[in-house]
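Remarks on the structure that follows.
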Amino acid sequence: MKEINNKTANNAQGAPEGLVSIDGGIDHFIFENEENGYAVAVFYEEGRRRIKITVVGILSGIAPGETIRLWGRWVQNPKHGLQFEVKSFVPILPATAVGIRRYLGSGLIKGIGPVFAKRIVEHLGASTLDVIDKEPDRLLEVPDIGHKRLMLIKSAWQEHRLIRDIMVFLQAHNISLNLATRIFHHYQADSIRVLREDPYRLAIDIQGIGFKTADRIAQSLGIPKDSPQRIRAGILHTLNQAASDKGHTFLHEDTLIEEAGELLEVTNKDEMGKARNDLVAEGRVIIETDSDGRCMVFPRALHICESGIANRLRALCATKRKPFRTDTESAIKAFEVQFKFHLAELQRDAVTEAMKGGVMVITGGPGTGKTTIIRTIIHLLALSDVRICLASPTGRAAKRMEEATGMEAMTIHRLLKYKPREGKFSYDENNPLPADLLIIDETSMLDIVLSYHLLKAVGRHTSLIFVGDADQLPPVGPGNFLHDMIKSGLVKVTRLIEIFRQASRSLIVVNAHKINHGEFPILPAPRDNAMSDFFFIQKEDPEDALATILKLVQERIPSRFRLDPLEDIQVITPMYRGLLGATNLNKQLQELLNPNPDYLTRGGLGFRLGDKVMQLRNNYDKDVYNGDLGFVVGFDREYQTMRVRFDGRVIEYEYNELDDLTPAYAITVHKSQGSEYPAVVIPIMTQHYIMLQRNLLYTAVTRGRRLVCLVGTKKALAIAIKNAQAAERNSALAAWLSKSNNLST
């Protein structure tokens, strides 16, 4: 190692004071932490590949094979020996033909894999990179490189150069390659300009970058802690975080000032007040007063949505419509005779109300006949010229609706014809939906943003039926649309409470209602549950519970119920963290169910061929949405893409889009909303105490269609059932719907 040190010392010219530099590349990573960029890697010096060096530090954005200059110092680790501790780095282009071939073949440039890297370097030699940079059309001289591949390489090279520049700018801030790539794709060539002028825009514009990261960049660029720009950004972040984390559409002013002050470490309330006033003057926040005289501070977008919903719903409810049928009672009797089926009194009332037209809500738990009502309504209008549209917030829920009714159903985004490039819907207040009756299922999942766009597209004389279970979890997004409609008293509501005979044979349905009413579920004894669809397996120790869940998914449920462990069984857990959280369960189940050696690692993310994955955010370009489940069906390392099958459609993801996906062998209860699975396995332990809530357990149990299996303790089960104190959401919608005055939008 003395030889390395001597060489390093000679190369240290221009290095920061007290540090030495080494040039070379990463051979492979031993460890990567995607959250903070810290890594341990095996490094080789340029021209000395046989001598391996262990390097440690922030190495975000470096790919194996890329030539870099590291600055740092040698340290003696008591356990691992001599290591090079990296303080900073800068990418450099290789100068030798061997280095260039390795660089191009590493997968950094889309369209160039190991085969084409070899051909290009054999043809162009040591001047290869200079040619690609200044005379890229000369690549057409290389065998089998056509115009299509040339254009791909030129585009990828330009993008790679820009991302490298961004990475050099951001390396001191521990920004990962994935986030740097997101920054580039959002701002393109303006990336560094935006970073210098207003780094706080990152936290607002780009998912995955929080306020603290943007603040760290801002302060390193010289923006002081008490600057008005920083305080305004902190207030906006606090409002946005309240919406995304807690579902609030507003914060009371005193709460906002307190929470933003803690975030910013600013105690001067005058400065906070001035920043708030600036945001009001700029139109970025809106202030309303509640019935108690307290100031409600809204982000502008959420105020537009919530006040717009209130105005639109009141107008729709006030509109007089011609009834769809005037012979409803005789039509229902004919339906009952034809299908040898009798509607219950509440179902009959709901159908009768629907035939009058207008706006109504149908709510109830599993087995209470919501779907039967929808089928009856459709049947009674089948021979008329009434234009009916069926829709739901998610693709999975729309598919279930279509299967249940025999009529086409679609997502609300598809119904409204969302245009991703323009960021708006084709149907809106100027171009309303061509529908006489619109039936929306799974309304509990509707947040106020999507509800607003839906209602804007509803014509004045279109009737609306919202169907959903008001006792399930509120939507993932802000607001509580279904709950607030019911609470307001403005909309006619049919609440179904009777469990029908066929459904009452299911212990899933019976126990779901018991849980919802605060009663302990029926837990059949092991010898009595041969034909049961609801199981509880007592396990006091989390390790035992984990082992049981793994065995249930891999062996016991597939062999007994003839269900596929990947396609048919879903593990649903209250939390991400912990032994029985989604993160660890995914790791364990992936090893167990899919030990496929074909593995893709990119920027700390790992996917195997055949992996079960979930989409984490709406992607309108690809027509895949938050919560959609798919399976990895292929990798293209040369073109840097991964292919995922969603319900028969294969979607291609660029490497920089992979953090839109997560393994989905286990998912959280919130992510399971709107879905049903043949079998669900649910851990319920006292370790999940903070998430043991009645509506959470109720939602998880109602996800199972043929089988529900709880694994854990009766104590945890009792805690969840007893805890009906779901966190309240700040929302003004119910109050506004109850008022007669119009609101500005």
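Values reported hereafter were calculated over all heavy atoms of this structure, with side chains retained and with hydrogens, waters and symmetry mates removed. Remember, predicted model here, so these are calculated numbers, not experimental data.
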Exercise. Which pair of non-hydrogen atoms, one from A214 and one from L202, has the smallest distance, and what is that distance?
Worked result: CB-CB, 4.5 Å

Exercise. Can you find a pair of side-chain heavy atoms, one from Y677 and one from I667, that are under 4.5 Å apart?
Worked result: yes

For this session: Of all the heavy-atom pairs spanning L507 and S532, show the shortest one and how long it is.
Result: CD2-OG, 3.7 Å

Problem set entry | D469 and T699, any side-chain heavy atoms less than 4.5 Å apart | no

Seminar exercise, completed: CD (Q590) and CG (D611) are apart, to the nearest 0.5 Å, by 4.5 Å

Problem set entry | Within-4.5 Å side-chain heavy-atom neighbours: L661 and Q615 | yes

Exercise. How about R577 and T583: do any of their side-chain heavy atoms sit closer than 4.5 Å?
Worked result: no

For this session: Applying side chain to side chain contact (heavy atoms under 4.5 Å, CB included), run through M642 and E652 and close with a yes or a no.
Result: CA-CA 6 Å; M642 184 173 87; E652 200 165 70; over 6 Å; no

Exercise. Distance-only, no hydrogens or angles: does the Q570 side chain make a donor-acceptor pair with backbone N or O of A664 under 3.5 Å?
Worked result: yes

For this session: Verify, without hydrogens or angle tests, whether D447 (side chain) and P478 (backbone) share a donor-acceptor contact under 3.5 angstrom.
Result: no

Problem set entry | Donor-acceptor contact present, side-chain N723 to main-chain L692, <3.5 Å | yes

Problem set entry | Heavy-atom pair with the smallest gap, counting every atom of P542 and Q687 | CG-NE2, 3.1 Å

For this session: Verify, without hydrogens or angle tests, whether R703 (side chain) and I572 (backbone) share a donor-acceptor contact under 3.5 angstrom.
Result: no

Exercise. Hey, what's the ring geometry for H513 with H517, parallel, tilted or perpendicular (30° and 60° as the breaks)?
Worked result: tilted

For this session: Answer yes or no: is there a donor N or O on one side and an acceptor on the other, between the side chain of T363 and the main chain of A470, under 3.5 Å?
Result: yes

Problem set entry | Minimum-distance pair of heavy atoms, taken over all atoms of L609 and G634 | CD1-N, 3.4 Å

Seminar exercise, completed: Closest non-hydrogen atoms of A512 and V701, given as atom of the first, atom of the second and distance, are CB-CG1, 4.2 Å

Problem set entry | N619 side chain to V624 backbone, donor-acceptor under 3.5 Å | no

For this session: Could I get the full list of side chain to side chain contact (heavy atoms under 4.5 Å, CB included) partners for A545, not counting sequence neighbours?
Result: K539, L580, M685, V711

Exercise. Will you find, in the side chains of T238 and E259, an N or O donor that is under 3.5 Å from an N or O acceptor?
Worked result: no

Exercise. Hey, does D471 have a side-chain heavy atom less than 4.5 Å from the side chain of N695?
Worked result: no

Exercise. How about E403: does its CD atom have over 12 heavy atoms from other parts shown lying under 6.0 Å from it?
Worked result: yes

Seminar exercise, completed: Closest non-hydrogen contact found for F31 with Y38 is CE2-CD2, 3.9 Å

For this session: Would you kindly check if the NZ (Lys) or CZ (Arg) of K671 is within the cone defined by 45 degrees around the ring axis of Y576 and under 6.0 Å from the six-membered ring centre?
Result: no

Exercise. Between E654 and K622, does at least one N-O distance fall below 4.0 Å, as a salt bridge requires?
Worked result: no

Exercise. Do the ring planes of H303 and F298 sit parallel (below 30°), tilted (30 to 60°) or perpendicular (above 60°)?
Worked result: perpendicular

Seminar exercise, completed: Between the CG atom in L733 and the CD1 atom in I309, the distance rounded to the nearest 0.5 Å is 5.5 Å

Exercise. Around atom CD of E555, are there more than 12 heavy atoms of other residues, nucleotides or ligands at under 6.0 Å?
Worked result: yes

Exercise. Can Y653 and V613 be said to form a side chain to side chain contact (heavy atoms under 4.5 Å, CB included), step by step?
Worked result: CA-CA 13 Å; Y653 287 80; V613 295; over 6 Å; no

Problem set entry | Donor-acceptor under 3.5 Å (S731 side chain, N480 main chain) | no

Exercise. Less than 4.5 Å apart, any side-chain heavy atom of Y665 and any of L566?
Worked result: yes

Problem set entry | Heavy atoms of other groups near I497 CD1, more than 12 under 6.0 Å | no

Exercise. Quick one: SG on C305 to CD1 on I448, what's the gap to the nearest 0.5 Å?
Worked result: 5.0 Å

For this session: Please test E591 against R608 for salt bridge (Lys or Arg N to Asp or Glu O under 4.0 Å), starting from the C-alpha separation and ending with a verdict.
Result: CA-CA 10 Å; E591 289 292 332; R608 291 178 179 173; 2.7 Å; yes

Exercise. CZ of F520 to NZ of K514: how many Å apart, nearest 0.5 Å?
Worked result: 11.0 Å

Problem set entry | P420 side chain reached by H413 side chain, heavy atoms, under 4.5 Å | no

Problem set entry | CD on E540 to OG1 on T713, rounded to 0.5 Å | 5.5 Å

Exercise. Is a donor on one side and an acceptor on the other found under 3.5 Å between the side chain of R706 and the backbone of F561?
Worked result: yes

Seminar exercise, completed: side chain to side chain contact (heavy atoms under 4.5 Å, CB included) with F534: of V509, V510, L523, only one passes, and it is L523

Problem set entry | Distance (rounded to the nearest 0.5 Å) between H237 NE2 and Y200 OH | 11.5 Å

Exercise. Residues in ring-ring contact (aromatic ring centres under 6.0 Å, His included) with H453, at least two apart?
Worked result: F425

Problem set entry | Any side-chain heavy-atom pair of M445 and V476 under 4.5 Å | no

For this session: Would you sort out whether L239 and L256 count as a side chain to side chain contact (heavy atoms under 4.5 Å, CB included), showing the intermediate values?
Result: CA-CA 7 Å; L239 287 171; L256 172 62; 3.9 Å; yes

Exercise. With distance as the sole test, does N586 use its side chain to make a donor-acceptor pair with the main-chain N or O of A666 at under 3.5 Å?
Worked result: yes

For this session: Using atom types as modelled and distance alone, determine if a side-chain donor or acceptor of D215 lies under 3.5 Å from a backbone N or O of F211.
Result: no

Problem set entry | Step-by-step side chain to side chain contact (heavy atoms under 4.5 Å, CB included) determination, T394 to E442 | CA-CA 9 Å; T394 69; E442 295 289 353; over 6 Å; no

Problem set entry | Partner of F535 under side chain to side chain contact (heavy atoms under 4.5 Å, CB included), chosen from L707, L710, V708, I557 | L707

